[in-house]
Amino acid sequence: MIEEGKPLFLQIAEQIEDSILDGSLDEESQAPSTNELAGFYRINPATAAKGVAMLTDKGVLYKRRGIGMFVAAGAKDLLLGERRAAFADRYLDPLLAEARTLGLSADDLADLLRQRAADTTASRTAEGTTPA
């Protein structure tokens, strides 16, 4: 679960974000405490607190004095927007640049994407798994 070469506090923040995105941490529900995170990941509580503080600064978590940290209303939409933008930067921009180099149009790319998606769905169905 812990990746080498990536700061632990970022990994903690990403794990909490993933829990919000997959619905295991609902908006307005209590987030794990820094001590719980530190114990679970066997890290220094200050490191866990740094990841939580990062999410607080982004508006994903907020503190209820004397109770703990909670998932902010709108946190899921905020995270989806950030992740979609990061996806475009990381994957789509290089894809479009390579497509231009190869002389592929937007329609060509769309056709390739649809074909690959169909192939993936067909192979998953053949393996007995459900498509994502």
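Positions are given from 1, in the same order as the sequence printed here.
- With rounding to the nearest 0.5 angstrom, the CD atom of Glu27 is 9.5 Å from the CG atom of Leu78.
- Rounded to the nearest 0.5 angstrom, Ile20 CD1 and Leu79 CG are separated by 5.5 Å.
- To the nearest 0.5 Å, atom CG of residue Leu113 and atom CG of residue Asp108 are 12.5 Å apart.
- Residues Arg83 and Leu21 meet the side-chain proximity criterion, which asks for heavy atoms closer than 4.5 Å.
- Taking every heavy atom of both residues into account, Lys6 and Gln11 meet most closely at O-NE2, 2.7 Å.
- In the model, Ser105 has no side-chain atom that pairs as donor or acceptor with a side-chain atom of Asp107 under 3.5 Å.
- Looking at every heavy atom in both residues, Ala48 comes nearest to Thr34 through CB-O, 3.6 Å.
- Expressed to the nearest 0.5 Å, how far CG of Asp57 lies from CE of Met54 amounts to 9.0 Å.
- Minimum interatomic distance between Ala72 and Gly59 (heavy atoms only, all atoms of both residues): CB-O, 3.3 Å.
- You'll find the side chain of Glu28 reaches within 4.5 Å of the side chain of Tyr62, heavy atoms only.
- The pair Arg84-Asp89 does not meet the salt-bridge criterion, since no charged nitrogen lies less than 4.0 angstrom from a carboxylate oxygen.
- For the residue pair Asn44 / Thr47, no side-chain donor-acceptor distance below 3.5 Å is found, with atom types taken as modelled.
- Residues Gln15 and Tyr41 have side chains in contact (heavy-atom distance under 4.5 Å, counting atoms from C-beta outward).
- Hydrophobic cluster membership differs between Ile43 and Leu10, with clusters built from Ile, Leu, Val, Met, Phe, Trp and Tyr side chains linked at under 4.5 angstrom.
- Counting only heavy atoms from C-beta outward, the side chains of Ile16 and Val71 never approach each other to under 4.5 Å.
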Is there a side chain to side chain contact (heavy atoms under 4.5 Å, CB included) between Thr56 and Met69 once you walk through the steps? CA-CA 9 Å; Thr56 303; Met69 301 303 292; 3.1 Å; yes

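- Residue Ala13 comes nearest to Leu55 through the heavy atom pair O-CD1, 3.7 Å, listed as atom of the first residue, atom of the second, then distance.
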Going through the checks in order, is the side-chain hydrogen bond (donor to acceptor under 3.5 Å, both in side chains) test met by Asp111 and Gln115? CA-CA 6 Å; Asp111 290 342; Gln115 182 58 48; over 6 Å; no

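- Within 6.0 Å of atom NZ in Lys58, more than 12 heavy atoms from other residues, nucleotides or ligands are found, so the atom counts as buried in its surroundings.
- Cluster annotation: Leu92 is connected to Leu109 through the hydrophobic network of ILVMFWY side chains, with a link wherever side-chain heavy atoms come within less than 4.5 Å.
- Other residues, nucleotides and ligands place no more than 12 heavy atoms under 6.0 Å from the CZ atom of Arg116.
- In terms of the side chain to side chain contact (heavy atoms under 4.5 Å, CB included) criterion, Arg65 has no residue partners (sequence neighbours excluded).
- Taking both residues in full, the closest heavy atoms of Pro94 and Arg90 are given as CG-O, 3.3 Å, listed atom of the first, atom of the second, then distance.
- The cluster map of Ile, Leu, Val, Met, Phe, Trp and Tyr, joined by side-chain heavy atoms under 4.5 Å apart, puts Tyr91 and Leu80 in different clusters.
- Under the 4.5 Å side-chain contact rule for hydrophobic residues, Val60 and Ile67 do not share a cluster.
- Annotation: the span from Phe40 atom CZ to Ile12 atom CD1 amounts to 9.0 Å, rounded to 0.5 Å.
- Residues Leu25 and Pro32 are in side-chain contact: their nearest non-hydrogen atoms beyond the backbone lie under 4.5 Å apart.
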Stepwise side-chain hydrogen bond (donor to acceptor under 3.5 Å, both in side chains) test for Asn35 and Ser33: CA-CA 5 Å; Asn35 287 333; Ser33 71; 5.3 Å; no

